[in-house]
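The first residue in the sequence is number 1, and the count goes up from there. Being a predicted model, the structure only gives us computed values, none of them experimental. First listed ligand is number 1; within each ligand, the first listed atom is number 1. FYI, side chains are in, hydrogens and waters are out, and symmetry mates aren't considered; it's all heavy atoms of this structure.
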Amino acid sequence: MSESNPSARGNFASNFGFLMAAVGSAVGLGNIWKFPYITGEYGGGAFVLVYLGCISLVGLPLLYAEVIIGRRGGRDILGALRTLTRQSGRLGTAISYLTGMMAVVASFLMLAFYSVVAGWTVYFFVFSVGAIPGVEFGNPDVFDTMSTTARTATICHTVFMLMTIGVVTLGVHSGIEFLCKTLMPVLFAILAAMLVYVGFTAELGQSLAFLFQPDFSKLGSSAVLEALGHAFFTLSLGMGAMVTYGSYLKEENRVIRDSVAIALLDTAVALLAGAVIFAVVFAKEGLEPSAGPGLLFRTLPALFVEMPGGRFVAAVFFGLVVFAAWSSAISLLEVNVAYAVDEFKLPRWVAAGGIGLCVWGLGVACAIGVTVGEVTLQDGLDDLVSRYLLPIGGLLIAIAAGWFVLPADSLSGFSHLPRIGHSLGIAWRFLIRFVTPVLVSVVILWQVGAFDAWLKAEEPPAIREGELADPMNE
Ligand code: PHE
């Protein structure tokens with residue numbers, strides 16, 4: 001059980017508060033920015049189907065593992081794992097230390113570049129509410145100018161970091177829980193309203209067909225691996241966010257139900273956001289859904305201005321994106337703050353301010369375009385965290401939960417379920433011990449390029465011939 005005094009570290013006052021905070025962490029730029037553009041790139045329906053499979057088979061078991069580790073350990077990720085793997089001797093301690101430190105470092109690094117992208121959404125929100133002198137709203141070049149102008153990008157990142165630090169300083173109950181309980185229902189309401197709006201003004205039918213009619217011809221192995229990687233990112237797995245939130249839970253009898261609810265709500269937001277965005281894209285003749293990362297910031301504002309009440313709709317939409325990013329960033333900072341508070345007994349405000357300041361500094365380096373070798377720090381960090389640290393963190397958590405934590409702890413969330421609880425628990429343990437580690441290892445191997453030769457051979461002949469004929473590729 002918990003080593004520290006639980007009331008001093010804070011608690012969620014209600015289960016609903018925990019649920020909204022966890023959904024707030026899960027629903028973020030991954031849902032509104034990344035999911036639509038990768039779905040667009042991989043051709044829609046078939047990708048969505050694979051993604052749903054990844055969420056259920058890998059995402060959900062890992063999500064439960066993280067929450068129950070936090071709940072039973074009652075501390076930050078490192079402390080919780082250390083407590084729960086105590087009986088496993090040195091190996092247990094080593095795994096706990098490695099997993100915990102990776103999570104703390106990964107969430108620190110991730111917050112730096114996440115905040116820069118979130119800063120862009122703040123800019124677009126402010127821009128759609130009021131004018132910015134000399135800049136025309138809806139001009140697709142605005143995004144490039146803004147994101148590459150060091151001063152603008154830095155100011156936006158600073159504003160966003162201050163918002164994040166402010167809430168975390170206020171504490172688990174008065175800050176995080178209060179904000180998420182207020183914001184998340186608003187976010188759902190906005191999304192529902194946007195769906196109705198595009199139902200009248202844009203091509204919702206075409207958009208839904210694109211998302212839900214599977215065309216398996218566009219689906220290769222890389223789409224499957226991309227879907228698996230994204231399942232981690234979108235459920236905030238692999239870096240201790242859900243462990244940390246779980247540690248502020250009072251009871252574990254709803255952990256299963258909550259994990260399912262978090263995964264369902266997160267998926268619902270991704271699909272709704274996709275439906276809205278593609279409906280707008282399809283409304284314009286000749287536009288392709290595969291516009292890439294620029295979909296949200298270049299394509300959408302240009303389309304919004306042409307729609308009835310477009311400026312207002314744009315403001316509401318970017319407000320929603322800011323909310324989503326804010327509640328995710330809060331959970332990233334909280335991983336570090338919980339670590340500092342629990343392990344080093346720092347006062348919360350010192351931890352939030354101090355760590356926030358360091359993250360801010362790294363974010364400024366990203367915002368002003370510092371490069372490391374050939375790549376920008378922003379892209380380099382994104383790559384390092386999303387492609388490597390996150391899946392490795394997930395693998396370690398699965399191993400710790402499946403092999404080192406006692407079943408009495410790891411299965412405690414199942415014991416409250418009537419009848420099926422026992423069999424579900426066995427199924428979960430099988431997934432987390434064998435299936436999750438294997439699948440996640442495949443993703444990691446894919447990221448390091450272990451399957452490159454094989455994937456190339458798998459591509460349709462037309463592409464390969466085209467490549468060979470292209471002198472640039474030789
Ligand atoms: N789940 C968030 C998103 O979809 C990102 C995130 C990952 C947040 C890990 C916290 C921890 O944007």
Side-chain angles (χ1 to χ4, degrees), residues 20-39 51 54-55 58-60 62-63 65-67 70 76-77 99-100 102-121 160 164 167-168 176 180 183-184 187 191 226-246 259 262-274 293 296 320-339 359 381-394 396-397:
M20 288 299 104
V23 171
S25 170
V27 170
L29 295 169
N31 301 61
I32 303 172
W33 174 53
K34 197 164 178 196
F35 175 78
Y37 91 69
I38 51 177
T39 304
Y51 168 77
C54 295
I55 291 278
V58 181
L60 197 53
L62 209 53
L63 177 59
E66 286 211 14
V67 179
D76 66 297
I77 175 154
T99 314
M102 270 218 26
V104 169
V105 172
S107 49
F108 180 93
L109 298 178
M110 173 158 163
L111 183 55
F113 74 81
Y114 199 81
S115 167
V116 174
V117 180
W120 302 342
T121 68
F160 185 79
T164 306
V167 175
V168 173
I176 303 175
C180 293
L183 278 194
M184 285 300 120
L187 185 142
L191 214 47
E226 182 84 46
L228 198 51
H230 186 62
F232 271 97
F233 187 85
T234 191
L235 290 179
S236 304
L237 300 172
M239 53 177 73
M242 293 299 179
V243 177
T244 308
Y245 277 0
S259 305
I262 295 164
L264 280 179
L265 287 171
D266 182 74
T267 307
V269 170
L271 290 173
L272 284 177
L296 190 66
L320 172 143
V321 190
V322 173
F323 283 176
W326 192 14
S327 52
S328 295
I330 287 168
S331 73
L332 285 168
L333 183 57
E334 184 59 30
V335 172
N336 279 255
V337 168
Y339 170 69
V359 173
L381 282 181
D382 187 353
D383 247 28
L384 174 71
V385 173
S386 318
R387 299 179 61 167
Y388 304 105
L389 299 187
L390 233 126
I392 295 174
L396 287 171
I397 291 176

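Looking only at side-chain heavy atoms (C-beta outward), V321 and L29 come within less than 4.5 Å of each other.
Smallest separation of non-hydrogen atoms from L320 and I32: CD2-CD1, 3.4 Å.
When the side chain to side chain donor-acceptor pair (under 3.5 Å) test is applied to T121, no partner is found at least two apart in sequence or on another chain. Partners of F323 by ring pair (Phe, Tyr, Trp, His ring centres under 6.0 Å), not counting sequence neighbours: none found. Residues that satisfy the side chain to side chain contact (heavy atoms under 4.5 Å, CB included) test with S107, not counting sequence neighbours, are M239, L332, V335, N336.
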Point to revise | Verdict with reasoning, I55 to L60, per side-chain contact (heavy atoms from CB on, under 4.5 Å) | key: CA-CA 6 Å; I55 291 278; L60 197 53; 5.5 Å; no
What are the atom names and distances for all N or O pairs under 3.5 Å between ligand 1 and the protein?
from, atom 1, to, atom 2, distance (Å)
ligand 1, 1 (N), S25, O, 3.2
ligand 1, 1 (N), A26, O, 3.0
ligand 1, 1 (N), F233, O, 2.9
ligand 1, 1 (N), T234, O, 3.1
ligand 1, 1 (N), S236, OG, 3.0
ligand 1, 4 (O), A26, O, 3.0
ligand 1, 4 (O), G30, N, 3.4
ligand 1, 4 (O), N31, OD1, 3.3
ligand 1, 12 (O), L29, N, 3.1
ligand 1, 12 (O), G30, N, 2.8
ligand 1, 12 (O), Y114, OH, 2.7

